[in-house]
Amino acid sequence: MLRTPTSARGKARLAAAAVGASAALIAALGTSGSAQAAPAPVRHGVMPTVAGAAQFRAQAAHDTATAAAATGPETLSYGGGIDGIGVMDQHPKVYVIFYGSQWGTQSKDANGNLTFSNDPQKGAATAQMLFKGVGTGGESWSGTMTQYCDGSLVKTGATSCPSGAAHVPYPTGGVFAGAWYDNSAKSPSAASGHQLGEEALKAAKHFGNTTAASNRGAYYVILSPHGTNPDHYQGQYCAWHDYNGDTTLTGGAVASTVGDFAFSNQPYNMDSGAGCGVNFLNSGSKGTLDGWTMTLGHEYSETITDQNPAGGWTNNTGSSYNGQENADECAWLKGVTGGAGNIKFANGTYTFQGSWSNDTNVCALTHAAVK
C-alpha cells in the first residue's frame with residue numbers, strides 16, 4: 001500500500017472495507033513518525049514511510065499483547081472480490097509508464113530499457129529490469145503470493161484456499177509487458193489520484209488493452225518524475241496501488257471504457273531520502289535504490305493478491321493490523337524473519353521486502369510456489 005505511514009501498502013478504499021485502528025494510526029504518521037496536521041486519506045496499498053512503520057509496530061506489539069484474536073492478528077482473509085476480481089489469477093502483465101515530459105530526453109540502454117536525462121538516481125532502467133527479472137533464475141520471492149486465490153470456490157472470509165481454486169500463478173519468465181514515455185505534457189506538480197488513474201487509462205489504450213479481459217491481468221505502474229509530489233506523498237507515504245473504481249481516490253474514481261484496471265502511484269521517492277528507504281539495507285551507492293525497488297515490489301505483490309482493493313486478501317481480524325494487505329504487514333523490516341533482503345533474479349539482484357504468509361503465519365522473504 002505504501003501510502004501514509006510506514007506499514008500501510010496499497011490504497012485503501014474506505015468504502016470497500018472498514019479500516020481499523022492500525023490504519024488510523026498510520027494515516028496520522030509522516031516521515032518523522034509524528035502526527036500530521038492533515039494526513040492523506042488512507043487507502044489500501046499505501047506504503048508508509050520508514051519511521052511511520054516503526055511507530056505503528058510499537059503500538060501493534062502493545063495491542064497484540066492485550067487482545068486475543070480468533071486467528072492470528074496478522075492473518076489475511078478473502079474479501080469476496082469486487083466486480084468478480086479478487087487476485088490476479090493469471091500471468092501478470094506489468095506496464096511501466098513514465099508520466100510527464102520532466103523525465104527529459106529519452107534514450108535506450110544496452111538492455112533495451114528506456115533511460116532519461118532527468119533521472120539522477122537511474123531508477124528508470126532498474127524498474128524495467130526488476131519486472132523483467134521477476135519469475136526468473138529460480139527466484140522464490142514470488143512464491144509467497146501464490147498461496148492466495150479467488151473465484152466462486154473461495155468463500156468471503158476464508159483464510160486458506162480450497163482445492164480447485166484459482167491461485168496467483170508463479171510468474172515464470174518475467175512480468176514486464178512494456179514501457180512507455182508519455183511526454184505529451186508535463187506531469188502535474190502534485191497529480192491527484194484521479195489524474196494518475198486517467199494516465200493509467202491512457203496507457204491501457206496505448207498498449208491496446210481496450211477490454212475488461214485484456215486488463216484482467218494488467219498492472220500499470222505510473223512513475224512520476226524527479227521533483228514532483230504525486231498525491232502529496234512527501235512526508236506521508238512512499239507509494240500506493242489501487243484500481244480505477246475506487247471512489248476514495250483524490251479527485252474521484254476514474255470512469256473506464258476498458259473494464260476495471262489496476263495501477264499504482266510510484267513517486268520518484270528517492271527524493272524523500274531515508275524516509276522512503278534510501279540505504280535501508282545496503283550502504284553507499286548500492287543502497288540508493290533500496291527503497292525504490294522495495295516499493296515497486298511492495299505494490300506489485302499487493303496488486304496481485306488484492307487487485308481491486310479490498311476484494312482480495314486483507315486483514316479483517318479487528319487487530320491493529322486490520323485493513324492492511326500482505327506487504328503492509330511486513331514493510332520496512334530488517335534483521336528479522338521475513339525482513340528485507342537482496343533477491344537474485346536471472347538479470348541481477350534487487351532489494352525486496354517480505355510478504356505476509358498465511359500458511360506459515362510469518363512474514364516471508366521467500367516461499368515455495370503453491371501449485
request  = Before giving the answer on side chain to side chain contact (heavy atoms under 4.5 Å, CB included), spell out for Cys363 and Leu333 the whole-Å C-alpha distance, their side-chain angles and the decisive distance to 0.1 Å.
outcome  = CA-CA 9 Å; Cys363 288; Leu333 293 173; 3.9 Å; yes
Within the distance-only criterion (no hydrogens, no angle test), does the side chain of [X] pair as donor or acceptor with the backbone N or O of [Y] below 3.5 angstrom?
{"X": "Asn229", "Y": "Ala190", "answer": "no"}
{"X": "Gln147", "Y": "Asn358", "answer": "yes"}
{"X": "Ser140", "Y": "Gly143", "answer": "no"}
{"X": "Asn279", "Y": "Gly284", "answer": "yes"}
{"X": "Trp141", "Y": "Gln353", "answer": "yes"}
{"X": "Asn315", "Y": "Thr317", "answer": "yes"}
{"X": "Lys334", "Y": "Phe280", "answer": "yes"}
{"X": "Ser117", "Y": "Thr105", "answer": "yes"}
{"X": "Asn326", "Y": "Ser355", "answer": "no"}

Distance in Å, [X] [atom1] paired with [Y] [atom2], rounded so as to fall on 0.5 Å steps:
{"X": "Lys93", "Y": "Phe207", "atom1": "NZ", "atom2": "CZ", "result": "11.0 Å"}
{"X": "Glu139", "Y": "Thr366", "atom1": "CD", "atom2": "OG1", "result": "10.0 Å"}
{"X": "Asp306", "Y": "Asp242", "atom1": "CG", "atom2": "CG", "result": "9.5 Å"}
{"X": "Tyr78", "Y": "Cys149", "atom1": "OH", "atom2": "SG", "result": "7.5 Å"}
{"X": "Gln106", "Y": "Tyr181", "atom1": "CD", "atom2": "OH", "result": "7.5 Å"}
{"X": "Ile85", "Y": "Asp260", "atom1": "CD1", "atom2": "CG", "result": "4.5 Å"}

Taking all heavy atoms of [X] and all of [Y], pick out the closest pair and write down the distance.
{"X": "Leu153", "Y": "Ser163", "value": "CD1-O, 3.7 Å"}
{"X": "Ile82", "Y": "Ala310", "value": "CD1-N, 3.7 Å"}
{"X": "Tyr321", "Y": "Glu329", "value": "CB-OE2, 3.6 Å"}
{"X": "Pro267", "Y": "Cys238", "value": "CD-O, 3.3 Å"}
{"X": "Ala262", "Y": "Ala218", "value": "CB-O, 3.9 Å"}
{"X": "Leu365", "Y": "Ala340", "value": "CD2-C, 4.3 Å"}

Salt bridge (Lys or Arg N to Asp or Glu O under 4.0 Å): pairs with one or both residues in residues 148-172, sequence neighbours excluded = Asp150-Arg216
Measure the shortest side-chain to side-chain distance between [X] and [Y] over non-hydrogen atoms and say whether it is less than 4.5 angstrom.
{"X": "Trp292", "Y": "Gln121", "answer": "no"}
{"X": "Pro171", "Y": "His91", "answer": "yes"}
{"X": "Tyr300", "Y": "His241", "answer": "no"}
{"X": "Leu76", "Y": "Tyr148", "answer": "yes"}
{"X": "Asn118", "Y": "Pro120", "answer": "yes"}
{"X": "Tyr233", "Y": "Ser272", "answer": "yes"}

Partner residues of [X] under the side-chain hydrogen bond (donor to acceptor under 3.5 Å, both in side chains) criterion, sequence neighbours left out:
{"X": "Thr293", "value": "none"}
{"X": "Asp182", "value": "Ser184, Lys202"}
{"X": "Ser214", "value": "Thr211"}

Name each donor-acceptor pair under 3.5 Å that joins a side chain in residues 128-135 to protein atoms two or more places apart or in another chain, with its distance.
from, atom 1, to, atom 2, distance (Å)
Gln128, OE1, Leu114, N, 2.9
Gln128, NE2, Leu114, O, 2.9
Gln128, NE2, Ala124, O, 3.0
Lys132, NZ, Asn111, O, 3.3
Lys132, NZ, Asn113, OD1, 2.8

Phe345 vs Ser142, side chain to side chain contact (heavy atoms under 4.5 Å, CB included): CA-CA, chis, key distance, verdict = CA-CA 11 Å; Phe345 294 166; Ser142 294; 5.8 Å; no
request  = Evaluate the ring planes of Trp240 and Phe263, with Trp represented by its six-membered ring, and classify them as parallel (under 30°), tilted (30 to 60°) or perpendicular (over 60°).
outcome  = perpendicular
Under 3.5 Å, which donor-acceptor pairs do the side chains of residues 94-104 form with other protein atoms, sequence neighbours left out?
from, atom 1, to, atom 2, distance (Å)
Tyr95, OH, Asn209, ND2, 3.2
Gln102, OE1, Ser187, N, 2.8
Gln102, NE2, Ser187, O, 2.8
Trp103, NE1, Leu223, O, 3.2

[X], [Y]: one ILVMFWY side-chain cluster at the under-4.5 Å cut-off?
{"X": "Met145", "Y": "Val362", "value": "no"}
{"X": "Phe261", "Y": "Trp180", "value": "yes"}
{"X": "Phe352", "Y": "Tyr170", "value": "no"}

inquiry  = Please check if the number of heavy atoms outside Lys286 that lie under 6.0 Å from its NZ is greater than 12.
reply    = no
request  = Mind running side chain to side chain donor-acceptor pair (under 3.5 Å) on Asp231 and Thr250 for me, showing each step along the way?
outcome  = CA-CA 7 Å; Asp231 206 27; Thr250 51; 2.7 Å; yes
Between the side chains of [X] and [Y], does any donor sit under 3.5 Å from an acceptor?
{"X": "Tyr220", "Y": "Asn215", "value": "yes"}
{"X": "Gln266", "Y": "Thr295", "value": "yes"}
{"X": "Asn316", "Y": "Ser77", "value": "yes"}
{"X": "Tyr268", "Y": "Thr228", "value": "no"}

ask   = Of the options Thr144, Thr360, Asp359, Thr146, which is the one that meets His367 in a side-chain hydrogen bond (donor to acceptor under 3.5 Å, both in side chains)?
value = Asp359
task = Could you walk me through whether Thr351 and Leu289 pass side chain to side chain contact (heavy atoms under 4.5 Å, CB included), step by step?
result = CA-CA 8 Å; Thr351 304; Leu289 297 181; over 6 Å; no
ask   = So Asp119 and His226, side chain to side chain contact (heavy atoms under 4.5 Å, CB included) or not? Walk me through it.
value = CA-CA 7 Å; Asp119 178 12; His226 168 55; over 6 Å; no
